[in-house]
Amino acid sequence: MDNLSRLRAAMEQSSVPALLVTTIQNVRWLSGFTGSSAVCLVTPGTAVLVTDSRYTLQARAEVQGLEVVVFQNPRSLDDVIEEQAAAAGASKIGFESSLTYGQWKKRRDRISAVEWVESPDLIRDLRMVKTADEVKRIKAACQLADACIENITRLIQVGRTEHEIGLDIEFFYRRHGAGIAFDPIVASGPNSAKPHAHPGERRIARGDFVTIDCGGRLDGYCSDITRTFVAGEASDRHREIYDLVLKAEVECCALLQPGAQGKEVDGHARKLFAEKGLDHHFGHGLGHGLGIDVHDPGGLSPTVDQPIAEGMVFTVEPGIYIEGFGGVRIEDDVLVTAAGPEILTHAPKELLIL
């Protein structure tokens, strides 16, 4: 079943007579359109993508399963939405919760013949379970992430700056026809205790933890991988923390089975860390969904009571961060299958001393 059919089935089940899709990632998921400005209007019998004249040729080439309607000045987006709603006989239209109050009010006042109602997050829920085509694209992005880690491992050296390595990462992805899914994290020494550190001018020193967190966006889908290394030599404390994080990562990946609860998988990592008195050094969630967005719908955390289902893709990224010493995070991308978890990223995870 294609994504449009899946959406229509969800609309029928939730009694949503028509839906205006405005979140650009949801537009991409539904239509294949990769431009930055478009909406989709979906009813039981019609489906149109509306964009402006900048994207005429692109929309015609990319959009599948929906009619393409293009407008240009002096016509506006709302002019076309009003016309398409009238043509489809849509007098009541659901809008996505991401719409701001100001946007909703303006559209309600402009298109007064339509009753605008907030819709459940239908596409958000559908996006959590990936199609076979989406899984194929995510796997390709993960293969490139593995290659990036292999490449960058050769470039991490004492004396190089975090910023230089960050540029190496970005260049690698772009050289291989991808974009970056997010700004790379390169954190050395005490900076590695910051989960989302920005690469700076600090030079890698002997005895540093060096955390690399990067991902590419290839053919519209993302990867997200983290590996932590030690520069020069590793102490017993380095090995102790690294081995504990690795144990948590491996065991939590194995727990991603259909029917498991996301917060229970997250809780397993916290239990392991608590046994060593280190759970207070793990402040973020265990993982998140992965797909069109690097932070796609779905998550693994103490606050998310989410059953895990076949076809979902998660990151699993436990970490321990000790101020003044450094931190370790290890992250893989994992597909949930009926046969168990399938690890999609394969860069080595044993402690490497560079």
Side-chain angles (χ1 to χ4, degrees), residues 2-56 58-60 62-129 134 217 220-222 289 291-298:
D2 62 22
N3 286 343
L4 178 58
S5 299
R6 293 173 67 198
L7 176 58
R8 281 183 167 142
M11 289 168 60
E12 181 179 7
Q13 185 175 12
S14 299
S15 300
V16 177
L19 180 66
L20 184 67
V21 181
T22 51
T23 304
I24 197 64
Q25 294 89 344
N26 290 347
V27 170
R28 163 85 193 235
W29 174 88
L30 181 62
S31 70
F33 178 67
T34 63
S36 63
S37 179
V39 302
C40 296
L41 179 62
V42 179
T43 73
T46 64
V48 297
L49 178 138
V50 182
T51 188
D52 64 76
S53 59
R54 295 174 298 169
Y55 295 109
T56 301
Q58 181 178 342
R60 289 174 182 168
E62 292 180 342
V63 174
Q64 299 179 2
L66 290 83
E67 179 187 355
V68 173
V69 177
V70 177
F71 68 93
Q72 62 185 30
N73 288 325
R75 302 181 75 213
S76 71
L77 173 62
D78 282 340
D79 290 335
V80 181
I81 292 173
E82 183 177 33
E83 291 171 2
Q84 292 298 318
S91 59
K92 184 177 181 180
I93 301 177
F95 63 87
E96 295 185 298
S97 60
S98 58
L99 200 69
T100 68
Y101 173 76
Q103 291 168 330
W104 166 79
K105 186 175 184 299
K106 180 180 178 182
R107 185 155 289 147
R108 181 201 63 180
D109 294 344
R110 169 65 182 79
I111 313 175
S112 57
V114 169
E115 179 186 357
W116 295 96
V117 294
E118 184 176 356
S119 168
D121 284 329
L122 300 178
I123 295 181
R124 179 190 182 280
D125 294 341
L126 293 171
R127 278 174 55 189
M128 283 194 283
V129 176
E134 288 179 303
R217 186 184 303 275
Y221 283 78
C222 298
I292 287 177
D293 279 337
V294 71
H295 281 236
D296 227 35

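As the structure is a prediction and not an experimental result, all values here were calculated from the model.
- In this structure, the separation between OG on S36 and CG on D52 is 8.0 Å, given to the nearest 0.5 Å.
- E62 meets the salt bridge (Lys or Arg N to Asp or Glu O under 4.0 Å) test with no other residue; sequence neighbours excluded.
- Across all their heavy atoms, V114 and A85 have their closest contact at CG2-CB, 4.2 Å.
- T51 places a side-chain heavy atom less than 4.5 Å from the side chain of V70.
- The OG atom of S98 sits 9.5 Å away from atom CD1 of I123, with the distance rounded to the nearest 0.5 Å.
- Residue-environment remark: CD (Q103) exceeds the threshold of 12 foreign heavy atoms within 6.0 Å.
- For the salt bridge (Lys or Arg N to Asp or Glu O under 4.0 Å) test, residues two or more places apart in sequence or in another chain that qualify with K105 are D109.
- Atom CG of L49 and atom OG of S31 lie 5.0 Å apart (nearest 0.5 Å).
- Under the 3.5 Å distance criterion, with hydrogens and angles disregarded, no donor-acceptor pair is assigned to the side chains of E118 and S97.
- By the side-chain contact (heavy atoms from CB on, under 4.5 Å) test, S119 is found to be paired with V16, L19, L122, residues two or more places apart in sequence or in another chain being considered.
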Can you check side-chain contact (heavy atoms from CB on, under 4.5 Å) on V80 and V48, steps first, answer last?
CA-CA 10 Å; V80 181; V48 297; over 6 Å; no
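- The structure places SG of C40 at 12.5 Å from CZ of R28, a figure rounded to the nearest 0.5 Å.
- At least one donor-acceptor pair under 3.5 Å links the side chain of N3 to the backbone N or O of W29.
- Residues L7 and L126 approach most closely at CA-CD1, 3.7 Å, considering heavy atoms.
- R6 and V129 get closest at one heavy-atom pair: NH2-O, 3.3 Å.
- Annotation for I93 and L20: closest pair CG2-N, 3.7 Å, computed over non-hydrogen atoms.
- Below 30°, between 30° and 60°, or above 60°: for Y55 and F33 the angle between ring planes is above 60°, a perpendicular geometry.
- Using a 4.5 Å heavy-atom cutoff, the side chains of E96 and V21 are in contact.
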side-chain contact (heavy atoms from CB on, under 4.5 Å) for F71 and V50? Distances and angles first, verdict last.
CA-CA 8 Å; F71 68 93; V50 182; 3.9 Å; yes
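- Considering all non-hydrogen atoms of both residues, T22 and L99 come closest at OG1-CD1, 4.1 Å.
- With sequence neighbours excluded, no residue satisfies salt bridge (Lys or Arg N to Asp or Glu O under 4.0 Å) with R217.
- Rounding to the nearest 0.5 Å places CG of L30 at 11.5 Å from OG1 of T23.
- Every residue two or more places apart in sequence or in another chain that forms a salt bridge (Lys or Arg N to Asp or Glu O under 4.0 Å) with E83 is listed here: R75.
- Considering R108, R107, K106 as possible partners of D78, the one that fulfils the salt bridge (Lys or Arg N to Asp or Glu O under 4.0 Å) test is R107.
- R8 and T43 get closest at one heavy-atom pair: NE-O, 2.9 Å.
- By the side-chain contact (heavy atoms from CB on, under 4.5 Å) test, D293 pairs with Q25, R127, D296, sequence neighbours left out.
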